[in-house]
**Student:** 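Below is a structure I'd like to ask you about.
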Amino acid sequence: MLAAERQARILHEVQQRGAARVSQLARLLEVSEMTIRRDLDNLASQGRLDKVHGGATIAGGTKPSTDEPGFEAKWARQTAEKEAIAAAAAAMVRPGSAVGLSAGTTTWTLAHHLRTIPDLTVVTNSMRVAEVLHKTGGAAPNVVLTGGVRTPSDALVGPVAVSSLRLLHLDLVFLGVHGMDARAGYTTPNLLEADTDQALVAAGQRLVVLADHTKWGIIGISTIVPLDRADVVVTDDGLDPDGRATMRELGVDLVLAPLAGGRSAGTADGVGNAS
């Protein structure tokens, strides 16, 4: 296969799926991962896709408030930040707790950290999160998966999901969001997902929002809850100073998760560290 033909196939895969991993492309095209990385470099230099850690996504640009990337597209971005955020969030969970996890790649990352916590019950509307926890085996958490209509990011949403969540009472809810903004609050590009997330938030005694720094200033079409509804926001130390100041003014605990082997992080000035 000629390089031009191979790169056309790569571009087609990325455009169809929203993102693609190097390993997946190498298996598909039966070439080495090094060859795929060179192809991605070439395509990225032409502005035809964005190269990210472990793969590539559709070329960036301003997205409408209803744009909803698929799971793979979101998974490929800010992977180090998501891992750090998930590790910090997992430290808040006590054995025997009942916790809620919304759909999203950061909550999916958190699910991997929850697999060894004893006597845990996890309620989620995410097919991906449920899959992670069901694969644990042994002392796996008790998983409650809501019903509902499936979204592009593999969330289950709509009246069925909302009805089931209204009957539950959770110790902690971990909410992944599309964006967060001083005016719009925590948002999603999916109207039905906003309703479902609101029901999940209402079921919890405490709300912990998980959002890397790139989510600040991003606005989806529908608000889930205002910024000050969160008890804690776990993010990374790349968060814009305006975002930090806004959270401080609203009295939201802000946890800045340290990146493994990367830049230093900690509690924002004037904001209490959650535990």
**Student:** Return the NE2 to CE distance between His213 and Met180, rounded to the nearest 0.5 Å.
**Tutor:**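 Taking NE2 in His213 and CE in Met180, the distance rounds to 10.0 Å.
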**Student:** Shared ILVMFWY cluster between Trp108 and Val157, side chains joined below 4.5 angstrom?
**Tutor:**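 Cluster IDs for Trp108 and Val157 differ.
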**Student:** Is the side chain of Asp212 donor-acceptor paired with the backbone N or O of Thr235 at a distance under 3.5 Å, no angle test?
**Tutor:** no
**Student:** Looking at Arg115 and Pro141, would you say the former's side chain and the latter's main chain have a donor-acceptor pair under 3.5 Å?
**Tutor:** no
**Student:** Enter the distance from Leu250:CG to Arg248:CZ here, rounded to the nearest 0.5 Å.
**Tutor:** 11.0 Å
**Student:** Between Val234 and Val208, is there a side-chain heavy-atom distance shorter than 4.5 Å?
**Tutor:**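 The answer is yes, as the side chains (C-beta and beyond) meet within the 4.5 Å cut-off.
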**Student:** With the threshold set at 4.0 Å, does a side-chain nitrogen-carboxylate oxygen contact exist between Asp39 and Arg6?
**Tutor:** yes
**Student:** Which heavy atom of Gly204 sits nearest a heavy atom of Val173, and at what distance?
**Tutor:**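 What the structure gives for the nearest pair is CA-CG2, 3.7 Å.
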**Student:** Over all heavy atoms of both residues, which pair between Gly148 and Val160 is shortest? Give the atoms and the distance, please.
**Tutor:**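 Closest pair (atom of Gly148, atom of Val160, distance): N-CG1, 3.9 Å.
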**Student:** Examine Leu145 and Leu175 and state if one hydrophobic cluster contains both, with Ile, Leu, Val, Met, Phe, Trp and Tyr joined whenever side-chain heavy atoms are less than 4.5 Å apart.
**Tutor:** no
**Student:** Side chain of Thr124, backbone of Leu101: donor and acceptor closer than 3.5 Å?
**Tutor:** yes
**Student:** Tell me, with the steps shown, if Glu83 and His112 meet side-chain hydrogen bond (donor to acceptor under 3.5 Å, both in side chains).
**Tutor:** CA-CA 10 Å; Glu83 177 61 31; His112 289 77; over 6 Å; no
**Student:** How far does CE of Met92 sit from CZ of Arg206, to the nearest 0.5 angstrom?
**Tutor:**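 Reported value, rounded in 0.5 Å steps: 7.5 Å.
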**Student:** Have a look at Ile117 and tell me which of Val93, Val99, Val122 forms a side-chain contact (heavy atoms from CB on, under 4.5 Å) with it.
**Tutor:** Val93
**Student:** Salt bridge or not between Arg9 and Glu13? Use side-chain N to carboxylate O under 4.0 Å.
**Tutor:** no
**Student:** What closest approach, in Å, do Leu200 and Gly100 show between heavy atoms, and which atom pair accounts for it?
**Tutor:** CD1-CA, 4.1 Å
**Student:** Just by distance, do the side chain of Gln198 and the backbone of Ile224 share a donor-acceptor pair under 3.5 Å?
**Tutor:**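 Pair found, side chain donor or acceptor close to backbone of Ile224.
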**Student:** Can any side-chain N or O of Asn125 pair as donor or acceptor with the backbone N or O of Ala103 at less than 3.5 Å?
**Tutor:** yes
**Student:** Give a yes-or-no answer on whether the side chains of Gln7 and His12 include a donor-acceptor pair shorter than 3.5 Å.
**Tutor:**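 Result is no, nothing qualifies.
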**Student:** Tell me whether Leu49 is reachable from Leu29 by hopping between hydrophobic residues (I, L, V, M, F, W, Y) whose side-chain heavy atoms are closer than 4.5 Å.
**Tutor:**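 Leu29 and Leu49: one cluster.
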**Student:** Looking only at heavy atoms, which two atoms of Ser102 and Asp197 are closest? And how far apart?
**Tutor:**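 Looking at all heavy atoms of both residues, the shortest contact is CB-OD1, 3.8 Å.
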**Student:** Is it the case that one hydrophobic cluster holds both Val162 and Val177, taking links as side-chain heavy atoms less than 4.5 Å apart, direct or via other members?
**Tutor:** no
**Student:** Please answer: with hydrophobic residues joined when any side-chain heavy atoms are less than 4.5 Å apart, are Val209 and Val252 in the same cluster?
**Tutor:**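 Val209 clusters together with Val252.
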**Student:** Please name the pair of heavy atoms, one in Leu259 and one in Glu81, separated by the smallest distance, quoted to 0.1 Å.
**Tutor:**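 Minimum heavy-atom contact is CD2-CA, 3.8 Å.
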**Student:** Would you say Thr35's side chain and Val31's backbone share a donor-acceptor pair under 3.5 angstrom?
**Tutor:**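 Not at all, since once roles are kept as given, no pair shorter than 3.5 Å links the two residues.
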**Student:** Tell me if a side-chain donor or acceptor on Thr223 pairs with a main-chain N or O of Thr187 at a distance below 3.5 Å.
**Tutor:**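 No; judged by distance alone, with no hydrogens or angles, the pair does not exist.
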**Student:** Please lay out, stage by stage, how Arg244 and Asp240 fare under the test salt bridge (charged side-chain N to carboxylate O under 4.0 Å, His left out).
**Tutor:** CA-CA 7 Å; Arg244 301 188 191 196; Asp240 187 278; over 6 Å; no
**Student:** Short question: side chain of Ser222, backbone of Leu191 - any donor-acceptor pair under 3.5 Å?
**Tutor:**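 No, the answer is negative, given that no donor and acceptor are paired below the 3.5 Å cut-off.
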**Student:** Counting C-beta onward and ignoring hydrogens, is there a side-chain heavy-atom pair between Arg128 and Val132 closer than 4.5 Å?
**Tutor:** no
**Student:** Got a second to check how far Thr106's OG1 is from Lys82's NZ, nearest 0.5 Å?
**Tutor:** 5.0 Å
**Student:** May I ask you to decide whether Arg37 forms a salt bridge with Asp41, counting only side-chain N to carboxylate O separations under 4.0 Å?
**Tutor:** no
**Student:** Would the distance check show the side chain of Ser97 and the main-chain N or O of Arg94 forming a donor-acceptor pair, the cut-off being under 3.5 Å?
**Tutor:** yes
**Student:** Would you say the side chain of Leu256 lies within less than 4.5 Å of the side chain of Asp236, judging by non-hydrogen atoms?
**Tutor:** no
**Student:** When Tyr186 is tested against each of Val201, Asp181, Val233 for side-chain contact (heavy atoms from CB on, under 4.5 Å), which residue passes?
**Tutor:** Val233
**Student:** Roughly how far, to the nearest 0.5 Å, is the CD1 atom of Ile10 from the CG atom of Leu28?
**Tutor:**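 Rounded to the nearest 0.5 Å, the CG-CD1 separation comes out at 9.0 Å.
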**Student:** Between OG1 of Thr151 and CE of Met127, what distance do you get to the nearest 0.5 Å?
**Tutor:**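 The distance works out to 9.5 Å.
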**Student:** Quick check: closest heavy atoms across Thr196 and Ala161, and the distance to 0.1 Å?
**Tutor:** CG2-CB, 3.8 Å
